[in-house]
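Predicted model, so just to flag it, every value in this text is computed and none were measured. Throughout, protein chains are lettered first and strands after them, A, B, ... in sequence-line order, and every chain is numbered starting at 1.
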2 protein chains.
Amino acid sequence: MRPYHACAVPNRRSIPKPAARRLSLYLRELSSRLEAGEETVSSKALGRSLGLTDAQVRKDLALFGQFGHPGRGYAVGELVESLRRIMGRDREWTACVVGAGNIGRALLSYDRFQREGFRIAAVFDADPAAAGKEVARDLRVRKMSELAAVVAAEGISIGIIAVPRDAAQQVADALVAAGVKGILNFAPRRIEVREGIAIVSVDFTVALEQIAFQIAFGHSPSADGDDDLNEGPDDAEAPTRG
Amino acid sequence: MRPYHACAVPNRRSIPKPAARRLSLYLRELSSRLEAGEETVSSKALGRSLGLTDAQVRKDLALFGQFGHPGRGYAVGELVESLRRIMGRDREWTACVVGAGNIGRALLSYDRFQREGFRIAAVFDADPAAAGKEVARDLRVRKMSELAAVVAAEGISIGIIAVPRDAAQQVADALVAAGVKGILNFAPRRIEVREGIAIVSVDFTVALEQIAFQIAFGHSPSADGDDDLNEGPDDAEAPTRG
DNA sequence: CTCTGTGAAAACATTCACAGCG
DNA sequence: CGCTGTGAATGTTTTCACAGAG
């Protein structure tokens, strides 16, 4: 009896960064197929949907255990469950948004977060004039001075930065001091955090600029006519601080 | 006399994808230093600001020509100008947003696009009830049926997809048919376009999921305590279509 | 015969380390 | 000296190709 569907995390280290990003894609595609009633899927079919080779899919999944059934493929339900556990998606995450401007408010209205198990429990803004305003379903803007207390009280583990560039690092420091374990940054600059804090950045201007570059330069960077799905938001990890 | 500050594009191919992403970071940092009045900068200083090694910075810049002055560093003004030209940032780009929901509206209000030379000239929405509404400074929502005509009339070369998942591919096809050369996609799915069309995706849920994974897994993917700035939005290039 | 898991090979990207310019 | 540009060395990720399970 081999341990099919067994160990969730064999080595617990050395997950290639690109593979980590693709995990999200696998989970999404698999969830979609599960909903559609599919019971099994081959690495080839999965790869095709996502623009990846079958070998890539198998290597990635094999990082976490033996999920496949030779000759048959992967059991969709099983795999979804395993991936959810591996990625920490089997629990609810509580987050807060800092910055009640355009981006902050758009994120608060973004249903998908809620639906996917990311609950936004609080909004903060530095502008005293904004404090107290109801900015989304039963969420009032709070003062920055309340940050630490609210993070603790609500059990917030993820902070979302939606403030202007020049305030971003300061806000990040405050979030970390308040006890969050990860930060999603929308400000257009690099954020430094001490080791052990997860940080991922999403930068609209860089994204647009990449398009401009590709058009102006007349090529997809590297790999000419090749297909190429390059998943994953900008993420930054920096030790030189703290 | 060696051709300093000469050739803008030597090989015009084989720009490593990660390098292409870092170009945006260089330009941003350099612009900031230019504004601050700095005249020269070394690869080491530049790298330090961005969490990169000096060698990396030099390699990246050397892809496009000889910009540095041995013993002195890089002339900030010169380099900014060159990078802007290389990245196509020396001209204005005209874009349109499809989808007047939360994300679409937030993007329309995002001043930075305008300031950086990306002009959003039109908004479209499939909902007939939305048509005609003024959704941002002098921009009224247009019907999807007007897409092709408006793209042509306004000289729109970039389309921004801010519609729900299930409509995204269809919208992408319409944009390409209308003549845009690049697409920025905010819908949570992979978009396929024919070769020659630039596509970059930004996926909020994947971003959050990466944070959850890092926290749940208790590691930064690969490279343990190492510093690591991984710039760049998800981008997708797919040939298998059209 | 289909499809996985996985070593071995290839491709790709980063860092090192140094010659050479100013 | 300080600093660039770059070949050579190292490290990382992807692809290949095949043994073995069902």
### Task
Please figure out whether A/A19 or A/G71 has its closest DNA chain D nucleotide nearer the 5' end.
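It is A/A19 whose nearest nucleotide is closer to the 5' end.
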### Query
Can you pull the salt bridge (charged side-chain N to carboxylate O under 4.0 Å, His left out) pairs that have at least one residue in residues 60-71 of chain A, sequence neighbours excluded?
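Checked against salt bridge (charged side-chain N to carboxylate O under 4.0 Å, His left out) - neighbours excluded - the pairs reaching residues 60-71 of chain A are A/R22-A/D60.
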Of the listed nucleotides [options], the one nearest the side chain of [X]:
X     : options                : result
A/K17 : C/dC3, D/dT4, D/dT13   : D/dT13
B/P70 : C/dA17, D/dT15, C/dG20 : C/dG20
B/A62 : D/dT15, D/dG5, D/dT14  : D/dG5

Please check the phosphate of [N] (OP1 and OP2 only) for any side-chain N or O of [X] closer than 4.0 Å.
X     : N     : answer
B/Q66 : D/dT6 : yes
B/S43 : D/dC3 : no
A/S42 : C/dC3 : no
B/R58 : D/dT4 : yes
B/Y74 : D/dG5 : yes

Gap between atoms [atom1] and [atom2], on [X] and [N] respectively (whole Å):
X     : N      : atom1 : atom2 : answer
A/R48 : C/dC3  : CZ    : C1'   : 16 Å
B/L46 : D/dG2  : CG    : P     : 19 Å
A/Q56 : D/dA17 : CD    : P     : 16 Å

### Query
Would you say the base of C/dG22 and the side-chain of B/R72 have a donor-acceptor pair closer than 3.5 Å?
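Such a pair does not exist between side chain and base.
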Which atoms of nucleotides 7-10 of chain D (N or O only) lie under 3.5 Å from a protein N or O atom, and what are those distances?
from: D/dG7; atom 1: O6; to: B/K59; atom 2: NZ; distance (Å): 3.1
from: D/dA8; atom 1: N6; to: B/K59; atom 2: NZ; distance (Å): 3.4

#### Entry: Derivation and outcome, ring-ring contact (aromatic ring centres under 6.0 Å, His included), residues B/Y110 and B/F118
CA-CA 11 Å; B/Y110 193 54; B/F118 294 97; over 10 Å; no
### Query
Can you find a side-chain donor-acceptor pair between B/R33 and B/S49 that sits under 3.5 Å?
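There is such a pair (donor and acceptor under 3.5 Å, judged by atom type) between the side chains of B/R33 and B/S49.
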#### Entry: Sequence-distant partners of B/S157, side chain to side chain contact (heavy atoms under 4.5 Å, CB included), two or more places apart
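B/W93.
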### Message
Could you work out, with side chain to side chain contact (heavy atoms under 4.5 Å, CB included) as the rule, every residue matching B/A174, not counting sequence neighbours?
### Response
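Side chain to side chain contact (heavy atoms under 4.5 Å, CB included) check on B/A174 returns B/L147.
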### Message
Applying salt bridge (charged side-chain N to carboxylate O under 4.0 Å, His left out), can you list everything that pairs with B/E92, at least two apart in sequence or on another chain?
### Response
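Partners of B/E92 under the salt bridge (charged side-chain N to carboxylate O under 4.0 Å, His left out) test: B/R119.
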### Query
Partners of A/D54 by salt bridge (charged side-chain N to carboxylate O under 4.0 Å, His left out), sequence neighbours excluded?
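Only A/R58 meet the salt bridge (charged side-chain N to carboxylate O under 4.0 Å, His left out) criterion with A/D54.
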